[in-house]
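Reviewing the structure listed below.
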Amino acid sequence: MTRNDYRGKRLFDLALAVPALVLLAPVMVVVAVVIALGLGRPVLFRQRRPGLHGEPFILVKFRTMIDCTDTAGRPKPDAARLTALGQLLRKTSLDELPQLWNVLRGEMSLVGPRPLMMEYLPRYSQEQSRRHDALPGITGWAQINGRNAASWPRRLALDVWYVDHQSLRLDLKILAVTFWKVFKREGVNQPGRATADAFMGNEEISALEEMP
């Protein structure tokens, strides 16, 4: 992506994120109150995630899990901590709304590869690592082509494909399809799983398939 392309993408992000924050502010206040009453405080979940070129930033989301430990004081599995309220927030993608703040700060884009976990960085192949050659996004090419229901090799291959083909036209298509996917609540989790399995590495991307 050239410098002019980056500037254009940045202006596009701001043109949508600023009014979205204003319009969605009442919704976010209601969600925050519901979370405080249903899950407790803090309302926001903050975590270091890799951004452009793998540089860390603090991602902000609405909290979807309760604090729950076993007899040894260790956190219970995600499935035991994810409540009905948390599942609803994830299925409707309401938990992602605070990331508009990350977009305003320039740490994320509206569209791009999803920011995953810091510990995944050394597990990627050289090809998979290229997913960090673009700003991470609230939604992305992988999210409209399977989301968490897709396998890790396919998700990462889709991310790399986006990096090589990103454009304003493609971003508009991804945003439009994202709204439809959220409405249909497709691909939130892997089949039979409350949350997605962790990426353990050692999975190389073969020749990139022709993407839809």
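It should be emphasised that the depicted structure is a prediction, and the values quoted were computed from it without experimental measurement.
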Query raised in the report: Does the side chain to side chain donor-acceptor pair (under 3.5 Å) test come out yes or no for Ser109 and Asp13, once each step is laid out?
Result: CA-CA 6 Å; Ser109 175; Asp13 284 339; 2.8 Å; yes

Query - Leu82 vs Arg90 side-chain heavy atoms within contact, under 4.5 Å - result: yes

Query - Any donor-acceptor pair under 3.5 Å from Arg48 side chain to Pro56 backbone - result: no

Requested in this report: Starting from the C-alpha separation in whole Å, work towards a yes-or-no answer on side-chain contact (heavy atoms from CB on, under 4.5 Å) for Phe199 and Leu156.
Outcome: CA-CA 10 Å; Phe199 174 65; Leu156 298 175; 3.8 Å; yes

Requested in this report: Quick one: pull up OG in Ser129 and CZ in Arg123 and give me the separation to the nearest 0.5 Å.
Outcome: 13.0 Å

**Report entry** Distance, nearest 0.5 Å, that separates CG of Leu110 from OG1 of Thr139
**Finding:** 9.5 Å

Requested in this report: Find the distance between CD1 (Ile35) and CG (Leu37) and round it off to the nearest 0.5 Å.
Outcome: 10.5 Å

Query raised in the report: Distance from Leu175 atom CG to Leu16 atom CG, nearest 0.5 Å?
Result: 7.0 Å

Requested in this report: Could you tell me whether a side-chain N or O of Gln143 sits under 3.5 Å from a main-chain N or O of Gly140, the two making a donor and an acceptor?
Outcome: yes

Query raised in the report: Is it the case that Asp171 and Tyr162 place a side-chain donor and acceptor less than 3.5 Å from each other?
Result: yes

Query raised in the report: Heavy-atom distance under 4.5 Å between the side chains of Trp141 and Gln166, does that happen here?
Result: no

**Report entry** From Arg63 atom CZ to Leu44 atom CG, the distance as rounded to the nearest 0.5 Å
**Finding:** 10.5 Å

**Report entry** is_close_aromatic(Trp152, Tyr120), centroid dist under 6.0 Å
**Finding:** yes

Query raised in the report: Salt bridge check: are Arg114 and Glu96 linked by an N-O gap of less than 4.0 Å?
Result: yes

Requested in this report: Step by step, work out the side-chain contact (heavy atoms from CB on, under 4.5 Å) result for Glu127 and Val160.
Outcome: CA-CA 8 Å; Glu127 180 72 1; Val160 172; 3.6 Å; yes

Query raised in the report: Is there a side-chain contact (heavy atoms from CB on, under 4.5 Å) between Phe57 and Met108 once you walk through the steps?
Result: CA-CA 9 Å; Phe57 72 99; Met108 293 180 65; 3.7 Å; yes

Query - Side chain to side chain, Gln47 and Met118, heavy atoms closer than 4.5 Å - result: no

Query raised in the report: Taking Lys9 for the side chain and Val111 for the main chain, is one N or O donor matched with an acceptor at less than 3.5 Å?
Result: yes

**Report entry** Chi angles and distances behind the side-chain contact (heavy atoms from CB on, under 4.5 Å) call for Tyr6, Leu135
**Finding:** CA-CA 10 Å; Tyr6 174 79; Leu135 276 173; 3.9 Å; yes

Query - Side-chain donor-acceptor pair present, Gln128, Arg130, cut-off under 3.5 Å - result: no

Query - Reported CG-to-OG1 distance for the pair Leu85 and Thr64, which is rounded to 0.5 angstrom - result: 9.0 Å

Query - Arg105 side chain to Leu100 backbone, donor-acceptor under 3.5 Å - result: no

Report task. Spell out, as yes or no, whether a donor-acceptor pair under 3.5 Å connects the side chain of Asn102 to the backbone of Ile58. Result -> yes

